[in-house]
2 protein chains.
Amino acid sequence: MDYETVLRAAGLRITRQRRTILAILAEDDDHPDALALYRRASRIDPSISLSTVYRTMKVLEEKGAIQRHTFEGGPARFEQAGGRHHDHLIDIETGEVVEFRSDRIERLQEMIAEELGYEIVSHRLELYGRRRKAD
Amino acid sequence: MDYETVLRAAGLRITRQRRTILAILAEDDDHPDALALYRRASRIDPSISLSTVYRTMKVLEEKGAIQRHTFEGGPARFEQAGGRHHDHLIDIETGEVVEFRSDRIERLQEMIAEELGYEIVSHRLELYGRRRKAD
DNA sequence: TTTTGCATTGCAAATCATTTGCAAAGAAGC
DNA sequence: GCTTCTTTGCAAATGATTTGCAATGCAAAA
Ligand SMILES: [Mn+2]
Ligand SMILES: [Mn+2]
Ligand SMILES: [Zn+2]
Ligand SMILES: [Zn+2]
């Protein structure tokens, strides 16, 4: 876990519950919401609270260690940061999240912002779809 | 207002408050949230309630007459549907929303979904940025 | 190690945007 | 105008997330 380094560097303390949550984020490579994270963490440390999950997500987000996504409808979902940038396709039937990236789209976004006189600080591209029948 | 036709066709009743809200949506061409809409409506009809604004937005959304956007941070914002599809650039300083469209991006999205074995049902592309200094 | 100080936790209560139950008021069709 | 079904305003409920607070626990210092 390199997360601990991030925490220490930020002057944050490494607690049992943070270690637990961070381990889960590092191992599982999906996009769990706070409740899912809480349930997984509870299996390891039954004394952990949902508040702590939320607080940890908030602090990690501020430190840039995780990313928060708010897909349509549902609650916020999280994933560890640090990988290279990507966007998401959400399966509207299952809620599953598929990652993808397109340098061409990224470039086009820049061009558009530029033309409009803006400098992009962040962006969000989400595709919502259903699996194509392959019969 | 062609909204009334939409309402009637859906078997909905045309009330004073709906007429008021619809007129505002038709005239103003920005992306107000429920509270802003409520305030504007109140000026015309002081007896209108925030609940009614929310209920009207919900019903109009279901009928496809308006679109709901949930930009990062803030509450849902609305705009009349019917224009051609476009995406949004949000000025993170002012909250102002600039519309844009890119056929090239739209096409790329389709290709990506196709490659991943998905059929796009909807999508969301939002650029968050700040105005470029032009000095 | 122990001590000490400040951060973090669990819990319950608060918040915020949005929805909903309900009784009263209002459309629409007759 | 009468009847029926819808819509409204209000207050209370919701759901996700945050926060106050007293208790607990890190971690740096002694
Ligand atoms: Mn991801
Ligand atoms: Mn728009
Ligand atoms: Zn991207
Ligand atoms: Zn688009």
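Here is how names work: the chains are called A, B, and so on, in the same order as the sequence lines, proteins then strands, and each is numbered from 1.
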At under 4.0 Å between heavy atoms, which parts of nucleotides 18-30 of chain C does protein reach? Answer with one letter per nucleotide, 5' to 3': B base, S sugar-phosphate only, - none.
-> BBBB----BBS--
Length of the CZ-P vector between A:R19 and C:dT9, whole Å | 12 Å
Which part of the nucleic acid, if any, lies within contact of B:L35, taking any heavy atom under 4.0 Å across all strands shown: a base, the sugar-phosphate backbone alone, or nothing?
-> nothing
Separation of D:dA27 atom P from A:R18 atom CZ, nearest Å, is 10 Å
Starting from P on D:dA16, measure out to CZ on A:R39 and report it in whole angstrom.
-> 11 Å
Decide yes or no for B:T56 and B:L37: does some side-chain heavy atom of the first lie under 4.5 Å from some side-chain heavy atom of the second?
-> no
Mind calculating the distance between OH (A:Y38) and P (D:dT18) to the nearest angstrom?
-> 17 Å
Find out whether A:D87 and A:E106 are in side-chain contact, i.e. whether some heavy atom of one side chain is under 4.5 Å from a heavy atom of the other.
-> yes
Keeping the roles fixed (side chain from A:D33, backbone from A:L35), state whether a donor-acceptor pair exists under 3.5 Å.
-> yes
Going through the checks in order, is the salt bridge (Lys or Arg N to Asp or Glu O under 4.0 Å) test met by A:E126 and B:R124?
-> CA-CA 5 Å; A:E126 290 156 14; B:R124 163 158 93 169; 2.9 Å; yes
Answer whether the closest heavy-atom distance between the side chains of A:H85 and A:Q67 falls below 4.5 Å.
-> no
Give the angle between the helix axes at the two ends of the helix from C:dT1-D:dA30 to C:dC30-D:dG1, taking five base pairs at each end and rounding to 10°.
-> 30°
Can you tell me how far CD1 of A:I24 sits from CD1 of A:I44, rounded to the nearest 0.5 angstrom?
-> 4.0 Å
Nearest whole angstrom, please: distance from the C1' of D:dT24 to the CG of A:D45.
-> 14 Å
Could you check if a side-chain atom of B:R77 sits within less than 4.5 angstrom of a side-chain atom of B:H88, using non-hydrogen atoms only?
-> no
With sequence neighbours left out, the residues meeting side chain to side chain contact (heavy atoms under 4.5 Å, CB included) with A:Y54 are A:A34, A:L50
